[in-house]
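Order of the sequence lines fixes the chain letters, A, B, ..., with proteins taken first and strands second; residue numbering starts at 1 for each chain. Worth knowing before you read on, the calculation uses all heavy atoms, side chains too, and leaves out hydrogens, waters and symmetry mates.
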Amino acid sequence: MEEKYVPKNVEEKWQKHWETSKSFKVTEDRGKQKYYLLEMFPYPSGRIHMGHVRNYSIGDVVARFKRMKGFNVLHPMGWDAFGMPAENAAIQNRSHPATWTHENIAYMRGQLKKMGLSYDWDRELATCDVEYYAWEQRIFLQMFERGLAYKKTSYVNWCPKCETVLANEQVEDGGCWRCDSSVVQKELEQWFFRITDYAEELLDYTNKLPGWPERVLVMQRNWIGKSYGCEIDFPLDGNTGKIRVYTTRQDTLYGATFMSLAPEHPMALELTTPERRAEVAAFVDKVKKTDKIRRTAEDLEKEGVFTGSYCINPVTNAKMPIYLANFVLLEYGTGAVMAVPTHDQRDFEFAKKYDLPLQVVIQPEGEALDPSTMTSAYIEVGTMVNSGPFDGMRSDEAKEKIAEYLDREGVGTKTVNFRLRDWGISRQRYWGNPIPVIYCDSCGVVPVPEKDLPVVLPMDVAFTGEGGSPLAKIDSFANVECPLCGKPARRETDTMDTFVQSSWYFLRYCCPEFTGGPIDTPRAEYWMSVDQYIGGIEHAVLHLLYARFFTKVLRDLGYVNVDEPFTNLLTQGMVIKDGAKMSKSKGNVVDPNALIDRYGADTARLFSLFAAPPEKDLDWSDQGVDGSYRFINRVWKLVVETLPFIEHAGPVDAATLADNARNLRRMVHKTIRKVTDDLDERFHFNTAIAAVMELVNAIYAFEPKNAPENAAVLREGVESVVLLLSPFVPHVAEELWEAIGHQEGVEAAGWPVWDEAATVDEELLIVIQVNGKLRGKVTVPADATEELVKQAAFADERVQSWLEGKQIRKAIYVPGKLLNIVVG
RNA sequence: GCGAGAGUGGCGGAACUGGCAGACGCACUGGACUUAGGAUCCAGCACCGAAAGGUGUAGGGGUUCAAAUCCCCUCUCUCGCACCA
């Protein structure tokens with residue numbers, strides 16, 4: 001063994017060893033308990049960043065720990081490889097997205113290997129490989145057959161210059177993030193997944209995921225947004241037909257004095273009287289030019305326009321003017337809102353602006369609202385007034401009564417509404433999974449027949465950055481024969497949202513080379529669910545909700561037998577430096593390569609685990625890294641120095657140990673217990689590492705190291721340090737383990753087990769308080785009675801001085817810990 | 001505004017069901033070894049105080065023999081949602 005710790009030598013040696021002996025390859029072994037550990041796979045953007053280092057270090061500790069404990073650990077890695085940056089890079093560099101992506105993958109794979117992460121690389125997958133996305137097309141078609149994938153028109157952010165849909169986050173200040181053109185709302189036919197069919201179950205299971213952080217579950221519940229209310233029909237005035245609204249406040253129905261429709265509402269134009277047509281059209285046009293972000297911002301001024309038509313309040317028979325209002329969303333509820341200005345703040349502001357009537361129907365206790373003096377809407381519970389038969393009731397009770405009444409009268413029904421909308425998956429992009437359908441003038445939407453699957457992305461494409469989807473311009477791709485009638489037809493040229501790929505990759509990891517379908521069910525049933533999923537909080541809603549949805553769909557298609565994909569979820573915090581998230585623009589980026597070159601992967605891993613608990617943000621500190629490096633050197637030196645004494649030591653004979661040896665041994669076993677608890681139950685890596693540091697300090701302080709009678713205890717201590725550290729710093733641990741004389745690696749050694757008997761204290765330090773203040777400490781035998789502790793306490797001079805001349809009222813004894821003497 | 005979480009030395013952070021506040025590490029100070037120290041080792045390190053002692057976990061109040069921990073009020077910060085009818 002080298003005298004001096006040279007990370008590079010150690011790390012290269014063991015990485016090579018792991019690679020050639022395929023140390024982390026796993027198969028389904030029904031004789032062992034399985035453990036599926038997964039970290040969110042990265043987008044191959046070019047190089048890994050510190051967030052990856054942290055995420056994957058956390059995961060690797062758990063993987064190695066579980067392996068040492070005897071679990072059959074599935075720990076895979078792959079690439080979320082479709083997406084826009086590849087296409088943008090292709091436009092810039094005049095290359096191909098596939099080239100760019102595969103080069104990045106090769107480089108980043110090298111980086112991950114340099115970190116010594118214990119993946120089963122044989123299961124590696126990239127979602128842009130046809131071996132992966134082909135199966136996704138199959139799943140899509142099965143969803144299509146069941147009506148879970150369907151087409152509908154919807155409004156989207158559209159850049160007229162790039163001719164493509166933009167996600168909300170790609171719209172900056174109302175303009176396209178790339179070309180700055182003004183973004184418009186465009187009505188487009190798009191493919192959707194019917195996630196709303198699963199809204200109830202997705203919500204329901206947020207109460208059945210105890211291993212998830214509460215805040216993630218709350219976010220998902222909010223996103224799903226279940227509400228209870230009524231749909232109520234308002235007949236048109238002087239016309240047949242009616243407007244249906246959704247409301248959760250049917251208790252305010254008697255106060256509804258006008259009607260607000262979304263500008264895109266299908267009835268908007270037919271309700272507009274001829275003389276108001278020009279004004280209404282101008283308004284609708286203006287709203288459509290506003291992007292969705294600004295449209296739904298709260299500070300947007302409430303604006304509207306009168307259509308010229310009226311409807312009738314079904315309970316008061318009042319004539320209600322029908323307006324279009326910019327804050328009413330077509331996608332939510334029915335796209336129409338009964339406006340109750342007295343009891344809804346938005347309606348209040350709107351009514352004030354357009355001088356619409358106010359009618360109070362709920363009075364707060366001990367107060368009488370007057371519409372002419374109100375300055376804001378009253379939205380709380382109160383007593384019903386001006387509400388016919390419901391007058392005098394509490395408004396929250398009236399809610400139910402009115403719902404029943406409406407049902408009886410046939411003008412409304414109780415309903416449940418969700419905020420969650422179906423998942424639009426169409427992207428007018430090249431670098432994604434082609435949606436496998438064909439459009440035929442005679443036959444309509446025709447799924448690509450099984451024998452023609454997969455629809456492979458053509459490679460000969462020009463990337464100009466102008467003019468919409470590149471796929472649409474490739475005639476050999478877009479022009480096809482209809483599979484049904486043989487007539488010329490057109491292929492779908494939209495591709496799927498990249499979130500689709502990440503919604504089931506964890507299932508494909510169970511059987512990455514399977515050619516009989518997307519998922520090899522017996523194998524998936526062995527591995528699923530993922531026991532521990534680890535990733536950033538930024539995916540709290542979208543990815544994690546989509547993955548849950550997909551798992552349920554795949555369950556219903558018969559591929560898997562689990563209801564939920566991830567049993568336990570750990571959301572790790574961000575990596576911060578100088579008070580801000582690392583970013584190029586802030587110039588506070590730490591490059592993992594530089595870190596590994598200088599200190600080695602073990603130090604990089606150790607620091608990112610030691611500096612903060614995983615779910616909190618981690619403040620990067622260069623000096624802190626030095627400290628971790630120093631610690632590894634200290635451990636290395638400890639082994640070098642003690643090796644001659646422990647090399648030939650046998651097992652510990654507890655009966656023959658001297659006091660200090662017995663004390664050291666107690667600490668060794670307590671540390672094993674502490675580290676095991678921290679890793680097993682709490683993922684408190686920082687305190688686990690701190691405990692090992694304390695043990696290392698204690699072994700350094702232990703003397704004499706060269707006494708033969710101490711050799712066994714010393715050896716047990718040093719070996720424990722090495723094994724306990726091995727999940728954190730695997731390279732150096734393997735090297736030291738080998739140096740101590742073990743032929744087999746640390747995994748074969750197994751996770752150390754503490755001897756409960758060895759952890760039992762012989763003496764206890766009892767804290768003595770007088771009136772709750774610390775006044776002394778006494779050491780007593782571990783089996784000391786309360787009486788004995790009291791004797792010792794009263795014998796203590798310092799304690800005595802605090803008791804002098806005082807009346808002792810009582811003494812509270814907490815066994816083995818503390819004695820509080822109350823005097824007065 | 002609503003919801004969730006957090007607030008502890010100069011810094012990152014410990015303190016499991018209320019029981020020694022500040023583990024461990026960083027920084028800092030002093031010392032040793034040294035041609036040298038950005039290596040290593042030893043010691044110190046919440047604040048006030050010479051000491052005895054006192055005061056301290058955002059602030060205020062409460063429960064308790066005992067509160068960082070439980071309860072109430074206030075403040076600050078972070079995150080999420082945010083015209084959702």
Could you give the [atom1]-to-[atom2] distance, from [X] to [N], as a whole number of Å?
{"X": "A/Asn222", "N": "B/C83", "atom1": "CG", "atom2": "P", "result": "13 Å"}
{"X": "A/Tyr323", "N": "B/A85", "atom1": "OH", "atom2": "C1'", "result": "18 Å"}
{"X": "A/Phe327", "N": "B/A82", "atom1": "CZ", "atom2": "C1'", "result": "15 Å"}
{"X": "A/Leu545", "N": "B/C81", "atom1": "CG", "atom2": "P", "result": "13 Å"}
{"X": "A/Ile537", "N": "B/A6", "atom1": "CD1", "atom2": "C1'", "result": "14 Å"}
{"X": "A/Phe631", "N": "B/A23", "atom1": "CZ", "atom2": "P", "result": "17 Å"}
{"X": "A/Met574", "N": "B/U78", "atom1": "CE", "atom2": "C1'", "result": "9 Å"}
{"X": "A/Leu606", "N": "B/C26", "atom1": "CG", "atom2": "C1'", "result": "14 Å"}

Checklist entry - Hey, where does RNA chain B pair up into stems, meaning at least three consecutive Watson-Crick or G-U pairs with distances under 3.5 Å? => result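 Stem list for RNA chain B: B:1-7 with B:75-81, B:10-12 with B:24-26, B:28-32 with B:40-44, B:46-48 with B:53-55, B:58-62 with B:70-74.
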
Report which part of the nucleic acid [X] touches: base, sugar-phosphate, or nothing (heavy-atom distance under 4.0 Å, all strands).
{"X": "A/Arg419", "answer": "base"}
{"X": "A/Trp620", "answer": "nothing"}
{"X": "A/Val767", "answer": "base"}
{"X": "A/Asp626", "answer": "nothing"}
{"X": "A/Val814", "answer": "base"}
{"X": "A/Gly225", "answer": "nothing"}

Item to check | Listed partners of A/Glu349 passing side-chain contact (heavy atoms from CB on, under 4.5 Å), at least two apart | outcome: A/Lys302, A/Gln345

Restricting to ring-ring contact (aromatic ring centres under 6.0 Å, His included), what partner residues turn up for [X], sequence neighbours left out?
{"X": "A/Tyr323", "value": "A/Phe306, A/Phe350, A/Tyr354"}
{"X": "A/Phe499", "value": "A/Tyr546"}
{"X": "A/Tyr246", "value": "none"}
{"X": "A/Tyr5", "value": "A/Trp636"}

Next on the checklist: Can you tell whether the side chains of A/Glu200 and A/Lys226 come within less than 4.0 Å, N to carboxylate O?
Outcome noted: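 Answer for the salt bridge query: yes.
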
Next on the checklist: Strictly below 4.0 Å, N to O, side chains only: are A/Arg249 and A/Asp347 in salt-bridge contact?
Outcome noted: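 Between A/Asp347 and A/Arg249 there is no salt bridge, as every charged N stays at least 4.0 Å from the carboxylate O atoms.
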
Item to check | Residue-level proximity of residues 768-780 of chain A to RNA chain B when a heavy atom falls under 4.0 Å | outcome: A/Gln769, A/Lys773, A/Arg775, A/Lys777

Item to check | Reading 5' to 3' through nucleotides 9-15 of chain B, protein heavy-atom contacts under 4.0 Å coded B for base, S for sugar-phosphate only, - for none | outcome: ---SSSS

For the side chain of [X], starting at C-beta, report the closest nucleotide among [options].
{"X": "A/Met693", "options": "B/A85, B/C20, B/C24", "value": "B/C24"}
{"X": "A/Ile812", "options": "B/C84, B/A23, B/G19", "value": "B/G19"}
{"X": "A/Val337", "options": "B/G53, B/A4, B/A85", "value": "B/A85"}
{"X": "A/Arg346", "options": "B/C65, B/A85, B/G25", "value": "B/A85"}

Output a table of donor-acceptor pairs, distance under 3.5 Å, between side-chain atoms of residues 800-814 of chain A and any protein atom two or more places apart or on a different chain; print 'none' if there are none.
residue	atom	partner	partner atom	Å
A/Gln800	NE2	A/Phe794	O	2.7
A/Ser801	OG	A/Arg798	O	2.7
A/Tyr813	OH	A/Gly816	N	3.2

Item to check | side-chain hydrogen bond (donor to acceptor under 3.5 Å, both in side chains): pairs with one or both residues in residues 216-225 of chain A, sequence neighbours excluded | outcome: A/Thr206-A/Arg221, A/Asn207-A/Arg221, A/Glu214-A/Arg221, A/Gln220-A/Arg548

Checklist entry - Going by the side-chain hydrogen bond (donor to acceptor under 3.5 Å, both in side chains) test, which pairs reach into residues 616-630 of chain A, not counting sequence neighbours? => result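 Qualifying pairs: A/Tyr599-A/Asp626, A/Trp620-A/Asp622.
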
Item to check | Same-atom distance (C1') from B/C11 to B/A27, integer angstrom | outcome: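 Each nucleotide's C1' atom is 7 Å from the other's.
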
Next on the checklist: Run the side-chain contact (heavy atoms from CB on, under 4.5 Å) test on A/Val411 and A/Phe234 for me, step by step, so that the C-alpha distance in whole Å, both residues' side-chain angles and the decisive distance to 0.1 Å come before the verdict.
Outcome noted: CA-CA 8 Å; A/Val411 289; A/Phe234 287 68; over 6 Å; no

Checklist entry - Side-chain donor-acceptor pair under 3.5 Å between A/Asn313 and A/Tyr254, yes or no? => result no

For nucleotides 40-47 of chain B, which of its nitrogen or oxygen atoms have a protein nitrogen or oxygen under 3.5 Å away, and what is each distance?
residue	atom	partner	partner atom	Å
B/C41	OP1	A/Arg634	NH1	2.8

Checklist entry - When you look at A/Asn417 and A/Tyr332, which way does the side chain to side chain donor-acceptor pair (under 3.5 Å) test go after all the steps? => result CA-CA 9 Å; A/Asn417 193 56; A/Tyr332 186 78; 3.3 Å; yes

Checklist entry - For A/Lys414 and A/Glu231, what are the C-alpha separation, side-chain angles and deciding distance, and is it a side-chain contact (heavy atoms from CB on, under 4.5 Å)? => result CA-CA 6 Å; A/Lys414 264 171 85 171; A/Glu231 285 188 352; over 6 Å; no

Checklist entry - Are side-chain heavy atoms of A/Lys674 and A/Thr687 found at a separation under 4.5 Å? => result yes

Checklist outcome for this item: Ranking A/Val541 and A/Asn820 by the position along RNA chain B of their nearest nucleotide, the one closer to 5' is A/Asn820

